[in-house]
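Heads up: the structure comes next, in structure tokens.
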Amino acid sequence: MYAFEIERPSTVADAVALLKQSDENQALGGGQTLIPTLKQRLAAPEVLVCLSGIDEIKGVCTDDDGRICIGGGTTHGEVAAGSGAYPALVWMAENIGDPAVRNRGTIGGSLANNDPSACYPAAVLASGATVVTNEREIAADDFFDGMFATALNEGEIITEVKFPVPEKANYQKFEQPASRFALVGVFVAKFADGVRVAVTGASEEGVFRWTEAEEALNGNFSASALDGLSVPADGMISDLHGSGAYRAHLVAVMTRRAVEAA
Amino acid sequence: MAQVKMTVNGKPASGEVEGRTLLVDFIRDTLGLTGTHVGCDTSQCGACVVHVDGKAVKACSMFAAEAEGTEVTTIEGMAAEDGTMTPVQKAFQEFHGLQCGFCTPGMVMSAEAMLKDNPSPTEAEVREYLKGNICRCTGYHNIVKAILAASGQDVSNIAAE
Ligand SMILES: Cc1cc2nc3c(=O)[nH]c(=O)nc-3n(C[C@H](O)[C@H](O)[C@H](O)COP(=O)(O)OP(=O)(O)OC[C@H]3O[C@@H](n4cnc5c(N)ncnc54)[C@H](O)[C@@H]3O)c2cc1C
Ligand code: FES
Ligand code: FES
């Protein structure tokens, strides 16, 4: 690792002020992605602004509209423990990595990173959740901007994520056993006003909504509604763990399983 | 360089660290507690698992500065002063839950954390919890058996797979 200083602010305002001091300053969530990145010398911040001491962005609660509101600095373990009203979200959180990763990694870090194989982006996009930052509220459909890219500005911090609770939902993760990330993951959520299907792990563009499947499921929420539907292998990630065609096939299989299990 | 202070195995511990000093390096190099191992340094293997404020974390994936003011427990803090082992440690010995022993500190620390949350886990739950702890020697069977035995369950019928 290159050398850097660590600051541990206790409020969002102080963290943002530190981040705005220099473009070279960077937020540190749980460090489960950033620390390995620093070790590989793929990042060289001057100051790491540690968010783990900011109590105002931790914890899970329910707002007046029944949405589950999760602080941006809440760990995966705390999300699993606190989101009982949304079982598919609990299952997703408690199947990220391993217990030690879940005790450190945070929802804000996962979303800001937007790894193409991460689980949270699928949950947020399928739920039509709202990402709240120190500057604004961003709808899930506007937040993800391709592999490792998001709508966040320099120095903008995710303070909260608000999840509307669907009538039915399920997340199916085909685990890549070495990394424990999703080789392909599909999150299906059925709301009174429609079904949303979000796919992670598959596309070179990162998480996406499979709108064809959504339309089919809107009329008939059953696996048979998906008969004959498939996503093209073009533009799917191809690596030693699976070809693009294999991932495209998995998208359809995992979507069916999610609908059946919802 | 900055000063960090924390409690390690019940005793105050402090030292000078750089921003980039990992908790595991502070524990091993500054405090000289070399029971916590570094297997991969990439957050995959779990040899470096310690407890921070009671929760299992990978000490290779946390900075020492982040542990300021916390209570850290390492493998050295498990047995009593007189050397009496915990039930988990005793079971690892009795059921031969180790071969080279490199993964063992992390395995024991993960197992202790699991049993605190789930005092009577099933075999599947034990295997699931240990997903982030890799052992190159044992094939896991005796580790799982030891943990089930430490939880007070009868393991006489658990056959080697
Ligand atoms: C062994 C292992 C297995 C894993 N398995 C999975 C898995 O199955 N599924 C999965 O989804 N993930 C998995 N992960 C990734 C894990 O979920 C990470 O915790 C997560 O991707 C990053 O969160 P973090 O809090 O650790 O962020 P960090 O690593 O601290 O930061 C990541 C990035 O986000 C930025 N950032 C952090 N917090 C915020 C914030 N609040 N606002 C704005 N920017 C912020 C940082 O500046 C950095 O650029 C795994 C990781 C490991 C090590
Ligand atoms: S050394 Fe920390 S997980 Fe391997
Ligand atoms: S006993 Fe050798 S790595 Fe587990």
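Chain letters run A, B, ... following the sequence lines, proteins first and then strands; every chain starts at 1.
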Among B:L22, B:T21, B:V52, which has the most heavy-atom pairs under 4.5 Å with chain A?
B:L22

Is the NZ or CZ atom of B:R127 positioned over B:Y140's six-membered ring, under 6.0 angstrom from the centre and within 45° of the axis?
no

Below 4.5 Å from any heavy atom of chain A, which atoms of B:N133 appear? Answer side chain, backbone, both or neither.
neither

Using side chain to side chain contact (heavy atoms under 4.5 Å, CB included), reason through B:I147 and B:F95 one step at a time and then give a plain yes or no.
CA-CA 9 Å; B:I147 296 169; B:F95 293 92; over 6 Å; no

Within the 4.5 Å heavy-atom criterion, are [X] and [Y] side-chain neighbours or not?
{"X": "A:T37", "Y": "A:Q40", "value": "no"}
{"X": "A:L19", "Y": "A:I157", "value": "yes"}
{"X": "A:V47", "Y": "A:Q26", "value": "no"}

Less than 6.0 Å separating the ring centroids of A:H241 and A:Y246?
no

Does any backbone or side-chain atom of A:L38 lie under 4.5 Å from a heavy atom of chain B? Answer side chain, backbone, both or neither.
side chain

Interface moiety of A:R102 toward chain B, non-hydrogen atoms closer than 4.5 Å
neither

Could you grab the distance from atom CD1 of A:I158 to atom OG1 of A:T74, nearest 0.5 Å is fine?
11.5 Å

For chain A, which residues of residues 56-70 of chain B have heavy atoms nearer than 4.5 angstrom:
B:A56, B:V57, B:K58, B:C60, B:S61, B:M62, B:F63, B:A65, B:E66, B:E68

Check step by step if side chain to side chain contact (heavy atoms under 4.5 Å, CB included) holds for A:R257 and A:V253.
CA-CA 6 Å; A:R257 287 187 188 169; A:V253 173; 3.8 Å; yes

